[in-house]
Amino acid sequence: MRYAVISDIHSNLEALAACVKEIDGLKIDRIISCGDTVGYNANPNECVDIMRSRKIASVMGNHDSRAAGLQGPEDFNLLAATAIRWTRDALTKENSEFLRGLPLSLAVDKRFLVFHGWLDDHDRYMLGARDAGENFRIIAGNAAFKDTKICFFGHTHVPVAYLTEDGSVAISTERSFKINKDASYLINPGGLGQPRDRDPRASFVVYDAEKSTITFHRVEYDIQLAAEKIIGAGLPERIAERLKLGW
């Protein structure tokens, strides 16, 4: 099986469409999302429609939860909170219910685990080896997931892989690598719809389960059109500028 793992679409239709087109050319068997289909950008319904029509399995991100009304945006920064309030008004009832029904974690084909921020908190950012180490311990201490060797997460919008074999945590930023069967991995595919690593191209990962390989991909998309839609929708101009900067 070959999996494309995506994350943090954030209502960016242009980025999602470009990545789906790229994925379709890679002979992928399943697409899996680490959450945050909506938020920030201007096409929440169109992005959720693609998730539903393509049967893309996803976990719930923190923006998904707030857009669906399960949490309030009061603890978000002004840009994010403004976009969430706009998104709530824009979402159809069916798409809001879809987001509301997403799980917080997802075990995929007995091969890997998916969650958004931390396994036990989709609002927390995994920012470095220390946080990754804590998550490795949380996963190992969870009876349902204790034997899981590969996990994918999102939320930071930055592509990275953490691995541990002997208790210490190493960080890999290689574009492609082979899975060590004796190690455990936490892998972030990066931000599809709002990258934050200073590279404005959309990001996703391919996991080839048979070959035991991870490959990071970057895709050009029409950033100018996405930015124009943000401004046309009355969303904060700063959101549009971030897309161009990859931040």
Side-chain angles (χ1 to χ4, degrees), residues 2-10 12 15 19 22-23 26 31-37 39-40 58-59 61-63 105-106 108 111-140 145 148-209 211-220 242-243 245-247:
R2 283 167 56 81
Y3 301 88
V5 184
I6 63 177
S7 190
D8 297 282
I9 298 164
H10 283 302
N12 189 332
C19 284
E22 182 80 4
I23 288 166
L26 293 173
I31 306 175
I32 308 294
S33 174
C34 301
D36 273 358
T37 299
Y40 290 118
S58 179
V59 296
N62 59 320
H63 285 252
S105 62
L106 184 66
V108 179
R111 284 193 166 108
F112 58 90
L113 176 66
V114 179
F115 51 90
H116 186 64
W118 286 36
L119 177 61
D120 59 353
D121 187 345
H122 64 191
D123 278 301
R124 291 189 73 178
Y125 289 95
M126 201 181 306
L127 298 172
R130 182 174 180 177
D131 288 347
E134 286 296 319
N135 276 270
F136 282 124
R137 285 187 281 275
I138 291 169
I139 294 163
F145 307 129
T148 301
K149 290 288 190 178
I150 301 172
C151 302
F152 293 94
F153 70 100
H155 197 35
T156 68
H157 303 207
V158 175
V160 69
Y162 301 102
L163 61 150
T164 184
E165 186 176 357
D166 56 3
S168 62
V169 178
I171 302 174
S172 172
T173 56
E174 294 181 16
R175 182 179 178 274
S176 182
F177 60 88
K178 191 170 182 65
I179 295 288
N180 176 353
K181 65 181 178 61
D182 296 320
S184 296
Y185 291 82
L186 285 162
I187 301 165
N188 191 321
L192 185 150
Q194 194 197 67
R196 293 181 184 170
D197 60 344
R198 303 295 183 182
D199 183 342
R201 295 176 299 168
S203 182
F204 69 92
V205 152
V206 170
Y207 169 43
D208 189 316
K211 294 182 179 178
S212 295
T213 57
I214 296 288
T215 305
F216 288 88
H217 291 257
R218 299 307 284 250
V219 180
E220 302 274 359
R242 287 184 69 169
L243 289 184
L245 298 172
W247 186 254

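It should be emphasised that the depicted structure is a prediction, and the values quoted were computed from it without experimental measurement. Just so you know, these numbers use all the heavy atoms, side chains as well, and skip hydrogens, waters and symmetry mates.
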Given I187 and F216, is the side-chain contact (heavy atoms from CB on, under 4.5 Å) satisfied, shown in steps? CA-CA 10 Å; I187 301 165; F216 288 88; 3.9 Å; yes
Under 6.0 Å between ring centres: does that hold for Y3 and F112? yes
List for me each residue that meets side-chain hydrogen bond (donor to acceptor under 3.5 Å, both in side chains) alongside T173, sequence neighbours excluded, and say none if there are none. none
Between K149 and R111, is there a donor-acceptor pair closer than 3.5 Å when you use the side chain of the first and the backbone of the second? no
Okay, side chain of N135, backbone of D131: is any donor-acceptor separation there less than 3.5 Å? yes
Answer whether the closest heavy-atom distance between the side chains of Y185 and F152 falls below 4.5 Å. no
For residues C19 and A202, report the shortest heavy-atom separation together with the two atoms involved. SG-CB, 3.4 Å
Can you check whether G35's main-chain N or O pairs, donor with acceptor, with S33's side chain at less than 3.5 Å? yes
Between I31 and I23, is there a side-chain heavy-atom distance shorter than 4.5 Å? yes
Taking all non-hydrogen atoms of both residues into account, name the closest pair between F177 and S172 and its distance. CD2-OG, 4.1 Å
SG-CD1 distance between C34 and I6, expressed to the nearest 0.5 angstrom: 8.5 Å
Please examine the side chains of F145 and S105, heavy atoms only from C-beta on, and report whether any two atoms are closer than 4.5 Å. yes
Does a side-chain heavy-atom distance below 4.5 Å link V158 with N188? no
For F115 and M126, run side-chain contact (heavy atoms from CB on, under 4.5 Å): C-alpha distance rounded to whole Å, both residues' side-chain angles, the deciding distance at 0.1 Å, then the answer. CA-CA 12 Å; F115 51 90; M126 201 181 306; 4.0 Å; yes
Quick one, S58 with I32, criterion side-chain contact (heavy atoms from CB on, under 4.5 Å). Give me CA distance, side-chain angles, the key distance, then yes/no. CA-CA 6 Å; S58 179; I32 308 294; over 6 Å; no
Can you check whether H63's main-chain N or O pairs, donor with acceptor, with D36's side chain at less than 3.5 Å? yes
N12: side-chain hydrogen bond (donor to acceptor under 3.5 Å, both in side chains) partners, not counting sequence neighbours: Y221
Does the side chain of H217 come within less than 4.5 Å of V205's, by heavy atoms? no
To the nearest 0.5 Å, atom CD1 of I214 lies from atom CD1 of I150 at 6.0 Å
Just how far is it from atom SG of C151 to atom CD1 of I138, taken to the nearest 0.5 Å? 11.0 Å
Considering all heavy atoms, the nearest V169-G133 contact: CG2-CA, 3.8 Å
Would you say the side chains of D8 and H157 form a donor-acceptor pair under 3.5 Å? yes
Quick one, V114 and V108 - any side-chain contact, counting heavy atoms below 4.5 Å? yes
Rounded to the nearest 0.5 Å, what's the gap from CG on L119 to OG1 on T148? Could you check? 9.0 Å
Does NZ in K181 sit with more than 12 non-hydrogen atoms of other residues, nucleotides or ligands closer than 6.0 Å? no
Under 3.5 Å donor-acceptor, H116 side chain and F153 backbone: no
W118 side chain vs Y125 backbone, donor-acceptor pair below 3.5 Å: yes
Nearest 0.5 Å, please: how far is CD1 in I139 from OG1 in T164? 11.0 Å
If I take atom OH from residue Y207 and atom OG1 from residue T215, how far apart are they, to the nearest 0.5 angstrom? 12.0 Å
Side chain R218, main chain R201, donor-acceptor under 3.5 Å: yes
Quick one: do T156 and R196 satisfy side-chain contact (heavy atoms from CB on, under 4.5 Å)? Show the steps, please. CA-CA 8 Å; T156 68; R196 293 181 184 170; over 6 Å; no
What class does the angle between the rings of H10 and Y40 fall in, given that below 30° is parallel, 30 to 60° is tilted and above 60° is perpendicular? perpendicular
Among residues at least two apart in sequence or on other chains, which ones pass side-chain hydrogen bond (donor to acceptor under 3.5 Å, both in side chains) with R175? none
Please report the closest heavy-atom contact between A15 and G193, naming both atoms and the distance. CB-CA, 4.2 Å
Any side-chain heavy atom of P195 within less than 4.5 Å of one from S203? no
Is it true that a side-chain atom of R2 and a backbone atom of D208 form a donor plus acceptor pair closer than 3.5 Å? no
Flag side-chain contact, heavy atom, 4.5 Å: V5 against F204: no
